[in-house]
Amino acid sequence: MGYRFSFLWSVLSFTTIHYREPQIVGVSMNVVLNTDETNVVLALVTSQILDHLDMSSEGKELIRSWRRDHNIGSSSLNDFAVDLNEAVGNFIDDNTRRMIRQRGKIKTLER
């Protein structure tokens, strides 16, 4: 009986020492705004600028004109959505820590 217990104990202690629970290393997130979401962002930002900044009437009219040029369905809104998605993606990439697994080790790279 003592032999079985010591063997069982050695097996259990081995598994508890060397067993590692799976860990979530990193969660990747992909942010892509479609043209409708880009339009909402533009509406929010331009309204905040027009409502809360002291600007000349000419400056406000330039912002309103630029905003009208980027209405839903326009090619300029599509182009702006592509540029905005690229800028947001670059910002996220620049401010995100990278987790890389190499030969059983996990390395963290910071940018």
Side-chain angles (χ1 to χ4, degrees):
M1 177 103 166
Y3 174 73
R4 280 194 221 158
F5 180 73
S6 63
F7 175 73
L8 181 62
W9 179 253
S10 64
V11 169
L12 287 175
S13 64
F14 177 78
T15 57
T16 55
I17 290 172
H18 298 288
Y19 174 74
R20 281 191 353 190
E21 298 227 2
Q23 298 176 355
I24 297 175
V25 175
V27 178
S28 63
M29 182 172 71
N30 193 10
V31 177
V32 178
L33 301 174
N34 61 27
T35 53
D36 292 336
E37 295 164 337
T38 303
N39 186 39
V40 170
V41 170
L42 284 180
L44 177 66
V45 170
T46 54
S47 67
Q48 291 293 314
I49 290 171
L50 292 173
D51 293 343
H52 299 290
L53 290 179
D54 292 329
M55 297 179 68
S56 67
S57 58
E58 295 146 356
K60 288 184 179 185
E61 188 52 43
L62 281 173
I63 290 175
R64 287 186 185 110
S65 173
W66 182 85
R67 179 67 187 96
R68 279 190 298 270
D69 293 341
H70 292 81
N71 276 335
I72 290 181
S74 67
S75 63
S76 58
L77 180 63
N78 293 335
D79 296 339
F80 185 79
V82 170
D83 293 340
L84 181 64
N85 283 317
E86 185 176 333
V88 168
N90 289 340
F91 179 81
I92 290 172
D93 287 345
D94 290 343
N95 294 296
T96 303
R97 292 185 342 176
R98 301 273 186 231
M99 305 290 255
I100 298 175
R101 185 178 195 127
Q102 244 178 4
R103 295 184 187 168
K105 296 179 182 177
I106 297 175
K107 294 182 179 182
T108 304
L109 302 175
E110 295 191 31
R111 293 185 174 223

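Computed from a predicted model, the values in this text were never measured in an experiment. Numbering starts at 1 and runs along the sequence shown.
Val41 and Phe91 are assigned to two separate hydrophobic clusters, defined by single-linkage of ILVMFWY side chains at heavy-atom distances under 4.5 Å. In the hydrophobic cluster analysis, where Ile, Leu, Val, Met, Phe, Trp and Tyr join through side-chain heavy atoms closer than 4.5 angstrom, Val82 is grouped apart from Val88.
Between His70 and Thr38, every side-chain heavy-atom pair lies at or beyond the 4.5 Å cut-off. Here the side chains of Ile63 and Met55 are in contact, with some heavy-atom distance below 4.5 Å. The shortest distance between side-chain heavy atoms of Leu84 and Leu42 does not fall below 4.5 Å.
Thr35 pairs by the side-chain hydrogen bond (donor to acceptor under 3.5 Å, both in side chains) definition with nothing, not counting sequence neighbours.
Distance check: Asn90 CG to Asn85 CG gives 10.5 Å after rounding to the nearest 0.5 Å. With rounding to the nearest 0.5 angstrom, the CG atom of Asp83 is 11.0 Å from the OG atom of Ser76. With values rounded to the nearest 0.5 angstrom, His52 atom NE2 is found 7.5 Å from Ser47 atom OG. Between the NZ atom in Lys60 and the CG atom in Asp54 there is a gap of 7.5 Å [rounded to 0.5 Å]. Note that CG of Leu44 is 11.0 Å distant from CG of Asn39, once rounded to the nearest 0.5 Å. How far OG of Ser75 is from CG of Asp79: 5.5 Å, rounded to the nearest 0.5 Å.
For Leu50 against Arg64, the heavy-atom pair with the smallest separation is CD1-CG, 3.9 Å. Glu37 approaches Val32 most closely through the heavy-atom pair OE1-O, 3.7 Å.
No more than 12 heavy atoms of other residues, nucleotides or ligands sit less than 6.0 Å from atom CD of Glu58.
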